[in-house]
Amino acid sequence: MSSLLIPIAPLTRTKSRLRDCFTVEQLKELTIAMFKDLGTILAKVNFFDHKIVYCNTPEILEISDDFGLIGIKEDLTTPPKSFDMVIKDLNDIAINKFHAEQTIFSFLDLILISAENFNEINTLIKKNQLVVCPAIHSAGVSILARNPPDIIPSYFSDPTTPSLVALLENASKKGIEKITIYDSFRAGFDIDITQDLVLAYQYLKIFNLKHKEVFKFLKENLKLRIKKTSATNNRAFKILKKM
């Protein structure tokens, strides 16, 4: 049994690092746009036994139902749980309630991810103990697949070590040998900070994904552009307001 698991923060707390770019209401709209795009992809994906969305926000759970996803309401706590604890709670639900033998964690902000990516990851985790897709812009993790689901915890909340490095270091200590690094630009590109938004808008055009809800949102609301500051260095750029 293979379960795809998608934890989503409450809309009131969504994408807080982008509040310099968008209002709280716009961030809610962006989150819903990302979720609708993901739902459209997953509605055509039939190789998972369960596709579970874990969120406290009723609107997200209602949209889940529209796309044939299983919506489970997260119980919020004070103070809020760490992200690793949220991951563990959802993973435990998949094991105890849905009898998952493999779990695949994906995240809302992977706006370029495709059905083919999900198929490849699902195939890989059936033959491996751990499948990890590195995040493009950081030493983070964009996809985490485990077989069995409790073979190793996640390390998203590690205070000193990036999650990808912490995961692989601890997998080595635990003697986990069947590890596959899933190398994919589209599955590894996520939206966390301002420059990601500007790049996302360009990549959606490059990959001919202008039909997506996220592209429509960015076209309407993003008032930023990218400009190189060195003729010979593509990494040297700054973010400017549109003229």
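Residue numbers run from 1 in the order of the sequence given.
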Trainee: To the closest 0.5 Å, what do you measure between CD1 (Ile176) and CG (Asn128)?
Mentor: 11.5 Å
Trainee: Is the shortest side-chain heavy-atom distance between Leu197 and Ile191 below 4.5 Å?
Mentor: yes
Trainee: Looking only at heavy atoms, which two atoms of Pro10 and Thr57 are closest? And how far apart?
Mentor: CA-OG1, 3.3 Å
Trainee: Would you tell me whether Ser114 and Asn117 have side-chain atoms, one donor and one acceptor, within less than 3.5 Å of each other?
Mentor: yes
Trainee: Take Ile111 and Met34 through the test side chain to side chain contact (heavy atoms under 4.5 Å, CB included) and record every step on the way to the result.
Mentor: CA-CA 7 Å; Ile111 63 163; Met34 289 191 292; 3.9 Å; yes
Trainee: Report the distance from atom CG of Leu168 to atom CD1 of Ile152, rounding to the nearest 0.5 Å.
Mentor: 8.0 Å
Trainee: Can you get from Ile93 to Leu4 by hopping between Ile, Leu, Val, Met, Phe, Trp and Tyr side chains that sit under 4.5 Å apart?
Mentor: no
Trainee: Rounded to the nearest 0.5 Å, what separation is found between the OG atom of Ser2 and the CZ atom of Phe98?
Mentor: 13.5 Å
Trainee: May I ask you to check whether over 12 heavy atoms, not counting those of Asp183, lie within 6.0 Å of atom CG?
Mentor: no
Trainee: According to salt bridge (charged side-chain N to carboxylate O under 4.0 Å, His left out), does anything in residues 92-113 pair up with another residue at least two apart or in another chain? List the pairs.
Mentor: Lys15-Asp109, Lys88-Asp92
Trainee: Side-chain contact test, heavy atoms from C-beta onward, threshold under 4.5 Å: evaluate it for Val53 versus Ile8 and give yes or no.
Mentor: yes
Trainee: Looking at Glu116, I'd like to know if its CD atom is crowded, meaning that more than 12 non-hydrogen atoms belonging to other residues, nucleotides or ligands lie closer than 6.0 Å.
Mentor: no
Trainee: Which atoms form the tightest heavy-atom contact between Tyr54 and Lys73, and what is the distance?
Mentor: CE1-O, 4.1 Å
Trainee: Check the pair Thr40, His211 against side chain to side chain contact (heavy atoms under 4.5 Å, CB included), reporting the backbone distance first and the verdict last.
Mentor: CA-CA 11 Å; Thr40 299; His211 61 282; over 6 Å; no
Trainee: Give, for atom CG of Asp196 and atom CD1 of Ile193, the distance between the pair rounded to the nearest 0.5 Å.
Mentor: 5.0 Å
Trainee: Just verifying a value: how many Å separate Thr14 OG1 and Glu29 CD, rounded to the nearest 0.5 Å?
Mentor: 12.0 Å
Trainee: Heavy atoms, side chains only, cut-off 4.5 Å: are Glu25 and Lys28 in contact?
Mentor: yes
Trainee: What do you reckon, are the aromatic ring centroids of Phe105 and Phe156 less than 6.0 Å apart?
Mentor: no
Trainee: Can you tell if the side chain of Ile136 reaches within under 4.5 Å of the side chain of Asp190, non-hydrogen atoms only?
Mentor: no
Trainee: What's the separation between atom CD1 in Ile113 and atom CZ in Phe107, rounded to the nearest 0.5 Å?
Mentor: 10.5 Å
Trainee: Considering residues, nucleotides and ligands other than Arg19, do more than 12 of their heavy atoms fall under 6.0 Å from its CZ?
Mentor: yes
Trainee: Taking all non-hydrogen atoms of both residues into account, name the closest pair between Leu90 and Ile6 and its distance.
Mentor: CD2-N, 4.1 Å
Trainee: Start with the C-alpha gap between Lys212 and Leu204, add the side-chain angles, then the distance that decides, and say whether side chain to side chain contact (heavy atoms under 4.5 Å, CB included) holds.
Mentor: CA-CA 8 Å; Lys212 285 185 170 286; Leu204 286 164; 4.0 Å; yes
Trainee: Would you sort out whether Ile143 and Ile104 count as a side chain to side chain contact (heavy atoms under 4.5 Å, CB included), showing the intermediate values?
Mentor: CA-CA 7 Å; Ile143 299 282; Ile104 299 95; 4.0 Å; yes
Trainee: Any idea which heavy atoms bring Ala100 and Ser3 closest together, and the distance?
Mentor: CB-OG, 3.5 Å
Trainee: Is there a donor-acceptor pair closer than 3.5 Å between any side-chain N or O of Asn122 and the backbone N or O of Phe118?
Mentor: no
Trainee: Any heavy-atom pair between the side chains of Asn56 and Leu11 that's under 4.5 Å?
Mentor: no
Trainee: Let me check something: do Ile87 and Ile121 share a hydrophobic cluster, defined by ILVMFWY side-chain heavy atoms less than 4.5 Å apart, either directly or through other members?
Mentor: no
Trainee: Same cluster for Ile95 and Ile151 if Ile/Leu/Val/Met/Phe/Trp/Tyr side chains link at under 4.5 Å?
Mentor: no
Trainee: Show the atom names and distances, to 0.1 Å, of all donor-acceptor pairs under 3.5 Å that link a side chain in residues 62-72 to residues at least two apart or in another chain.
Mentor:
unit_1	atom_1	unit_2	atom_2	d
Ser64	OG	Ile60	O	2.9

Trainee: Judged by atom type as modelled, is there a donor-acceptor pair below 3.5 Å linking the side chain of Lys210 to the main-chain atoms of Phe215?
Mentor: no
Trainee: Give a yes or no on whether Ile52 and Ile41 share a hydrophobic cluster (residues Ile, Leu, Val, Met, Phe, Trp, Tyr; joining criterion: side-chain heavy atoms under 4.5 Å apart).
Mentor: no
Trainee: Would you kindly say whether Thr103 and Asn91 are connected by a side-chain donor-acceptor distance under 3.5 Å?
Mentor: yes
Trainee: Do Leu209 and Leu112 have side chains that approach each other closer than 4.5 Å (heavy atoms only, starting at C-beta)?
Mentor: yes
Trainee: Return the minimal non-hydrogen interatomic distance between Leu144 and Ser154, and the atom names on each side.
Mentor: CD2-CB, 3.9 Å
Trainee: Treating Asp158 as the side-chain partner and Thr160 as the backbone partner, does any N or O pair qualify as donor plus acceptor under 3.5 Å?
Mentor: yes
Trainee: Report yes or no: does Glu213 contribute a side-chain atom to a donor-acceptor pair with the main-chain N or O of Asp37 at less than 3.5 Å?
Mentor: no
Trainee: Should Phe217 and Gln26 count as side-chain neighbours, where that means a heavy-atom distance under 4.5 Å?
Mentor: yes
Trainee: What pair of heavy atoms forms the shortest contact from Pro153 to Leu167, and how long is it?
Mentor: O-CD1, 3.7 Å
Trainee: Taking a hydrophobic cluster as the set of Ile, Leu, Val, Met, Phe, Trp and Tyr residues connected by side-chain heavy atoms closer than 4.5 Å, whether directly or through intermediates, do Leu5 and Leu42 fall within one such cluster?
Mentor: no
Trainee: With a 4.5 Å cut-off on side-chain heavy atoms, are Phe189 and Phe207 touching?
Mentor: no
